[in-house]
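From a predicted model like this one, the values you see are computed outputs, not experimental measurements. The first residue in the sequence is number 1, and the count goes up from there.
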Amino acid sequence: MFRKRIKALYIASVLVCILPIVSYSMDKDEFLKFLVNSSYPEIKEDNKEEIKNTLDKKEKDYIKFHVGEENIPQINKSSTDVNDPTKKNEETSINTSAYKNDIRVTKENPKMLLYHSHAGETYSNSPEGNYHSKDIANSIVSVGMLLAEELNEKDWGVIHSTKYHDYPDFNNSYMSSRKTLDEILPKYESVDIAIDVHRDGRTLIDKSTNKVMTDVLKKEHERASTVYKGESVAKFLFVVGQRNENVNEVTALAEDITKFAQKKYPELIMPVVKKPYGKFNQSVAKNHMLIEIGSNGTTVEEAKATVKYIAEILDEYFKQNK
């Protein structure tokens, strides 16, 4: 008993000495990232068997919440029928009859797959749940539907998945979307372009009042939108996770398309964002992109207004770079 107490005191003394050294050896942002990175594993230890069966990988993937960006969504459990993804109608989406079991395939032997790891991301029209809800009409899903339609009209075979991967467990969204990819891609071996469609985001809700901070919203709108040809449109950008085994290829693709877009629409494209702690399933396809269209500071109408330019960029780039 006495030895156990001595051992416990020794361990406590070591921790008291080490923790201050760890915290003071990092600057404020680094220490916050250290805490965050230790708190939000994308794949948890108790899912090891599931990881083995679905990912065939030993290394864990992580969601990293960057300091200064938006918080974990607050799921609203009192969603109405309007927010129910099983009750799509003409007001909440386009060409919904073409979607069967949350999937639309526009042509035989499709080349592109569009999906949403965070289908619950909504725009400024819908601040409920910290801009995360099943309000399809004002969400990234409706933007993805329009993008799929625009690419289809340009004669691309497109698969679009509208499945929610961030409900009910936001922290496992990328693991969930990986399962969807593993289900779809083997069935359509013609697909060599996969695009995870998101919107960017910032903290716009005051936690003390639970209300939108109008001044912050205004600044975010100015940052993430512009007026082009007399129309208010959202800007867009590509994100690259730096923990991918094919990080060089993914980075090169994102930067090359960004350069291509800058020549055509410099007002609309923003620089590539490289996130050192992410993977985002970007190794699953020969050409994988994570695109963010607008942000929670822009309206869904502004995001949809820029879709035609994004479709044009993707169409011309991939046709020129077969």
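Lys134 forms a cation-pi arrangement with Tyr167, by the criterion of a distance under 6.0 Å to the ring centre and an angle within 45° of the ring axis.
For Glu302, the side chain to side chain donor-acceptor pair (under 3.5 Å) partners at least two apart in sequence or on another chain are His221, Ser232, Thr299. Under the side-chain contact (heavy atoms from CB on, under 4.5 Å) criterion, Pro127 pairs with Tyr131, Val212, not counting sequence neighbours. With sequence neighbours left out, Ala311 forms a side-chain contact (heavy atoms from CB on, under 4.5 Å) with Leu147, Glu150, Leu151, Lys154. Taking the side chain to side chain donor-acceptor pair (under 3.5 Å) definition, one finds that Thr214 meets it with nothing, sequence neighbours left out. Listed by chain and residue number, Phe260 satisfy the ring-ring contact (aromatic ring centres under 6.0 Å, His included) test with Tyr317 (two or more places apart in sequence, or in another chain). With sequence neighbours excluded, the residues forming a salt bridge (charged side-chain N to carboxylate O under 4.0 Å, His left out) with Asp155 are Lys107, listed by chain and number. Legend: residues meeting ring-ring contact (aromatic ring centres under 6.0 Å, His included) with His116, ordered by chain and number and at least two apart, are His160. Listed by chain and residue number, nothing satisfies the salt bridge (charged side-chain N to carboxylate O under 4.0 Å, His left out) test with Glu249 (two or more places apart in sequence, or in another chain). Lys111 pairs by the salt bridge (charged side-chain N to carboxylate O under 4.0 Å, His left out) definition with Asp192, not counting sequence neighbours. Residues passing the side chain to side chain donor-acceptor pair (under 3.5 Å) test with Thr258: none are found, sequence neighbours excluded. Partners of Thr180 by side chain to side chain donor-acceptor pair (under 3.5 Å), not counting sequence neighbours, listed by chain and number: His165.
In this structure, Arg178 and Lys279 have side chains that are not in contact, with every pair of non-hydrogen atoms separated by 4.5 Å or more. With contacts defined as side-chain heavy-atom distances shorter than 4.5 Å, the pair Phe318/Leu314 qualifies. With contacts defined as side-chain heavy-atom distances shorter than 4.5 Å, the pair Tyr228/Leu268 qualifies. Side-chain contact check for His288 versus Asn246: every heavy-atom pair is 4.5 Å or farther apart. With contacts defined as side-chain heavy-atom distances shorter than 4.5 Å, the pair Ile159/Ile103 qualifies. Val240 is not listed as a side-chain neighbour of Val273, based on a closest heavy-atom distance of 4.5 Å or more. Two residues are said to be in side-chain contact when any heavy atoms from C-beta on lie closer than 4.5 Å; Tyr123 and Ser139 fail this criterion. Inter-residue side-chain proximity for Ile257 and Ile313 is flagged as met; some heavy-atom pair is nearer than 4.5 Å.
Ser117 and Asp166 share no side-chain donor-acceptor pair at under 3.5 Å. Ser190 and Asn109 share no donor-acceptor pair across their side chains, judged by distance under 3.5 Å alone. Checking Asp200 against His198 by side-chain atom types alone, no donor-acceptor pair falls below 3.5 Å. Between the side chains of Asp206 and Ser208, at least one donor N or O lies within less than 3.5 Å of an accepting N or O. Side-chain contact of Glu128 with Thr122: a donor-acceptor pair under 3.5 Å is absent, judged by distance alone.
The stretch residues 308-321 participates, sequence neighbours left out, in these salt bridge (charged side-chain N to carboxylate O under 4.0 Å, His left out) pairs: Glu231-Lys308, Lys264-Glu312, Lys264-Glu316, Asp315-Lys319.
When all heavy atoms are compared, the tightest approach of Asn244 to Gly241 is ND2-O, 2.7 Å. Lys163 and Ala119 make their closest contact through O-CB, 3.7 Å (heavy atoms, listed as atom of the first residue, atom of the second, distance). Scanning both residues, Ile293 and Ala303, for their nearest heavy atoms gives CG2-O, 3.8 Å. Taking every heavy atom of both residues into account, Glu220 and Ser295 meet most closely at OE2-OG, 2.7 Å.
Checked options Tyr174, Tyr164, Phe280; the residue passing with His118 is Tyr174 (criterion: ring-ring contact (aromatic ring centres under 6.0 Å, His included)).
No salt bridge links Glu222 with Lys219; every basic N to acidic carboxylate O contact stays at or beyond 4.0 Å.
For Gln320, the CD atom counts as densely surrounded, since its 6.0 Å shell holds more than 12 non-hydrogen atoms of other residues, nucleotides or ligands.
Taking the six-membered ring for Trp and the full ring otherwise, the centers of Tyr309 and Phe236 sit at least 6.0 Å from each other. Between Phe170 and His132, the distance from one ring center to the other falls under 6.0 angstrom.
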